[in-house]
Each structure stands twice: as structure tokens, then as C-alpha cells.
There are 2 protein chains.
Amino acid sequence: MVTSGKPQNAPERDAESCRLPWPFDVYEAQCPTRMVLDRIADKWAVLILDRLRDGPVRFNHLRRDIKGISQKVLSQTLKKLERDGLLSRAVFPTVPVTVEYALTPLGRTLTDAVAAIAHWAERNMEAVLAAQAAYDARAGGEPG
Amino acid sequence: MVTSGKPQNAPERDAESCRLPWPFDVYEAQCPTRMVLDRIADKWAVLILDRLRDGPVRFNHLRRDIKGISQKVLSQTLKKLERDGLLSRAVFPTVPVTVEYALTPLGRTLTDAVAAIAHWAERNMEAVLAAQAAYDARAGGEPG
DNA sequence: AGGATAGGTTTCCATTGGAAACTAGCTTCC
DNA sequence: GGAAGCTAGTTTCCAATGGAAACCTATCCT
């Protein structure tokens, strides 16, 4: 079990040894920015963060809204986003217990960017579909 | 081999049957927007698209700039982004052959959003690191 | 007691990701 | 003339991840 919070495939020098004089650089392999980029540049994380923009949402509500997400992946993604300080988890001792997820102030600074990604897909879907069709037609039948 | 361009795990009604009266909705499971979101909300795709903002870049140049990406994943990601019409691939018959990747106009409409994601990680890295440390301290030693 | 609801965890298997080796055309070095 | 090196990939192999479905714990309702 790897509950200690550090991925076991990272070469030991993950977050600490990279705090060098230069500003953080996503293009560097071992830089912590990479871990964060890997977290937020993720289909499910994007949808979750976007969904939380209008206020706190409960676990099962998220699960129903974000169609197709599995409970496992939802809970995993929420846990990671919480650990990164992007969202907060509030347990209410109702019955049955209620758990609300909400954006933190830090999370709020990200949601515009994330929402832009999510909704770009909606706005430009037809263009992408057309491009795919064109590409497939070319790849399927054209010699040179 | 699944070179026909359609993922074999998709339930047949992938891109075509979803063009309904309602606008595309990323929250719907079988909607093509999901495929696109899956493509662009991806660590490597984000880095590639961001890297192409300043103009065309060659394959090996991308590989060296985006530290840690493997050739396989780079070529796969480039191929998918090309199919989606986000970038173009230009082969120059130099010697050795040169291949340049560049953003298409459609790709350009995405890069601001994508760059915002990539650089949010750089700007907010310290806050994320602090949040992780706090979370781990709590999870490691606090009873309830 | 049996079923529903809330919020997960566990199990299992297919898909994906990454490291490294290999391909292939052409050039320069020795 | 053959080895090495550049280009841009593909292939192979294995570990890690993702998703579907089952299971779990707790409390209320009937």
C-alpha cells in the first residue's frame, strides 16, 4: 500500500529537490509542476472542478451529474484534488452522512482555466468532428 | 489492430448518434465532447500545444523540450491532435527528412486555455505543495 | 427483518503509459 | 566501403491506471 502520499515510481527527488533558483518549469521532467499538471490536465478533474463552480456538491450528486464516472475514480480524483488544496471535503453528521465537496480559494483560481477547456470542447465539437472525418478519409484512401 | 480510427470500447454510437437537438454537453457520457475533452485534458497534449504557440517545432525538438516524454507517446499524441485538426504535420524532403508540427487555426483557439492550465501549475506550485504537506500531516497523525 | 440511501472500498480485467530497443533512409567520417 | 549518426518514427515488454460491478458500513423507514 502506498498511502504515504508519495508515488513510488518517482525518482526520490520529487517535490523537495526541485525548488531551485529558477521558477518552476512544467517542461522539466522531475519538477513538481508536472505532478500538478498531471492532476489538473485530467478529464475527470476538469469536469469535477467545473461542476463545483456554482457551489458545494455532494458525492453522489457529482457521480450522477458527471455521467460515466465510476465511484472509484470519482473518490480517487476527489481525494487527490483535496490533497492538492483545490477542494475541501466537509462531512455533515446527518443521516445518512452527507459529504460536500467545494472549491477552495486556491481551487477558484483554477476554475476559469479549467472551464475554458471543458467548454472549448462543446463549442468546437463540430470542427473537430469535421477534421476527424477529413483525416480518416485521407488516411483511408489517398496514396500520397 | 484498431487503425480504423474508432476506439473499439465505445458503444457504437460514438460521434454520430449524439448530434441531437441539444448543444453538445461534456457532462454526457457518450457525447463526442468527452472524447475531445479526454484528448485535450491530457498532460502531454497540454505541453505540446503550449510548446507550439511560438511557431512550428520539429519532432525531436519537441521531444527534447518536453522533458520526460517518450517517443511513442509523443508520436501517438501528435497523431491524435492532428486527427482532431488541432495541429498540422508538414514533411520537408530535406535530408534527413524534417517534420514540422504547427498549430492550425482551430488549435490556436485552444492554446490560451491550455497555456492557462500549464502555467497555473507553475504559478501556484508553492500553494499546492503547502496544501499537500498539510494534508499529509493531518492524515498521518490526527485521530479524528 | 428487509430495503433504501449515502459514501465510499475492493476486486478483477482490459487498456494505457513509459523505457528501451529496433527500423529505415540518407550523410559524413575514417 | 562500412560504421556511426542524424532524422522520425514503430515495436516490444511490463507496470500502472481505468472502468464495471460487487461489496461494505451506518442509519432510517416500514
Side-chain angles (χ1 to χ4, degrees), chain A residues 1-3 6-11 29-30 34-35 37-39 41-48 56-83 87-102 139, chain B residues 1-3 6-11 14 29-30 34-35 37-39 41-48 56-83 87-102 139 144:
Chain A
M1 273 169 215
V2 201
T3 14
K6 176 156 51 172
Q8 77 285 22
N9 54 347
Q30 307 301 339
R34 270 297 175 76
M35 296 176 0
L37 182 61
D38 204 23
R39 180 117 329 130
D42 167 76
K43 178 176 58 173
W44 299 125
V46 162
L47 289 172
I48 290 171
V57 182
R58 287 183 299 104
F59 184 89
N60 275 334
H61 203 139
L62 279 172
R63 184 159 80 91
R64 278 188 286 266
D65 285 356
I66 302 173
K67 300 193 176 60
I69 195 170
S70 72
Q71 287 181 302
K72 187 183 83 170
V73 171
L74 177 57
S75 100
Q76 281 177 347
T77 307
L78 288 170
K79 216 176 285 181
K80 290 174 184 173
L81 291 173
E82 188 197 355
R83 186 170 107 96
L87 53 82
S88 62
R89 180 177 180 274
V91 181
F92 296 95
T94 56
V95 56
V97 67
T98 300
V99 179
E100 265 188 10
Y101 292 91
Chain B
M1 275 169 215
V2 200
T3 15
K6 175 157 52 172
Q8 77 285 22
N9 54 346
D14 222 293
Q30 307 301 339
R34 270 296 175 77
M35 295 176 0
L37 183 61
D38 204 23
R39 180 119 327 132
D42 167 76
K43 179 176 55 173
W44 299 125
V46 163
L47 289 173
I48 290 171
V57 182
R58 288 183 299 102
F59 184 89
N60 275 336
H61 203 140
L62 279 171
R63 185 159 79 91
R64 279 188 286 267
D65 285 356
I66 302 175
K67 298 194 176 62
I69 195 170
S70 72
Q71 288 181 304
K72 186 183 85 170
V73 171
L74 177 56
S75 100
Q76 281 176 347
T77 307
L78 288 170
K79 215 176 285 181
K80 289 174 183 173
L81 291 174
E82 187 197 356
R83 186 170 107 96
L87 52 82
S88 62
R89 179 177 180 275
V91 181
F92 297 95
T94 57
V95 57
V97 65
T98 301
V99 179
E100 265 187 10
Y101 292 91

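Only heavy atoms go into these numbers, but all of them, side chains included; no hydrogens, no water, no symmetry mates. Numbered from 1 within each chain, the chains take letters A, B, ... in sequence-line order.
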Exercise. So, is A:Lys72 close to the D:dA22 phosphate, meaning a side-chain N or O under 4.0 Å from OP1 or OP2?
Worked result: no

Seminar exercise, completed: Paired with A:Leu78, the side-chain contact (heavy atoms from CB on, under 4.5 Å) test is passed by just one of A:Leu87, A:Val73, A:Val99, namely A:Leu87

Seminar exercise, completed: By nearest-nucleotide position on DNA chain D, the 5'-leaning member of B:Asn60 and A:Gly68 is B:Asn60

Exercise. How long is the line joining NZ of B:Lys79 and P of D:dT11, in whole Å?
Worked result: 8 Å

For this session: Just compare C:dG8, C:dG18, C:dT27 and give me whichever is closest to any side-chain atom of B:Ser70.
Result: C:dG18

Problem set entry | Distance in angstrom units between A:Ile69 CD1 and C:dG8 P, rounded | 13 Å

For this session: Take atom CD of A:Glu82 and atom C1' of C:dG7, then tell me their distance rounded to the nearest Å.
Result: 14 Å

Problem set entry | B:Lys43 side chain near C:dG18 phosphate (N/O to OP1/OP2, under 4.0 Å) | yes

Seminar exercise, completed: Nearest-nucleotide check on DNA chain C, A:Arg89 vs A:Pro96; residue mapping nearer the 5' end is A:Pro96

Exercise. In whole angstroms, how far is the P atom of D:dT10 from the CD atom of B:Gln76?
Worked result: 9 Å

Exercise. What pair of heavy atoms forms the shortest contact from B:Lys67 to A:Ala29, and how long is it?
Worked result: O-CB, 3.5 Å

Exercise. Using a cut-off of 4.0 Å on non-hydrogen atoms, how would the nucleic acid contact of B:Tyr101 be classed: base, sugar-phosphate, or nothing?
Worked result: sugar-phosphate

Exercise. Which part of the nucleic acid, if any, lies within reach of B:Arg63 when heavy atoms closer than 4.0 Å are counted: base, sugar-phosphate only, or nothing?
Worked result: nothing

Problem set entry | Distance-minimising heavy-atom pair for A:Asp42 and A:Asp38 | CB-O, 3.9 Å

Problem set entry | Length of the CZ-P vector between A:Phe59 and C:dG7, whole Å | 8 Å

For this session: Using a 4.5 Å cut-off on heavy atoms from C-beta on, say whether the side chain of B:Ile48 contacts that of B:Thr77.
Result: yes

Exercise. Just to confirm, is there a sub-4.0 Å distance from OP1 or OP2 of C:dT9 to any side-chain nitrogen or oxygen of A:Ser75?
Worked result: yes

Exercise. Given atom CG of A:Leu62 and atom P of C:dG8, what is their separation to the nearest angstrom?
Worked result: 10 Å

Seminar exercise, completed: Here the distance between atom P of C:dT9 and atom CG of A:Leu74, to the nearest Å, is 11 Å

Exercise. Looking at D:dA22, does its base get a donor-acceptor pair with the side chain of A:Gln71 below 3.5 Å?
Worked result: yes

Exercise. Between A:Leu47 (CG) and D:dG19 (P), how many Å, whole number?
Worked result: 11 Å

Exercise. Under 4.0 Å between a side-chain N/O of B:Trp44 and OP1 or OP2 of C:dG18, yes or no?
Worked result: yes

Exercise. So, for B:Gln71 and B:Phe59, which heavy atoms are closest and what is the spacing to 0.1 Å?
Worked result: O-CZ, 4.0 Å

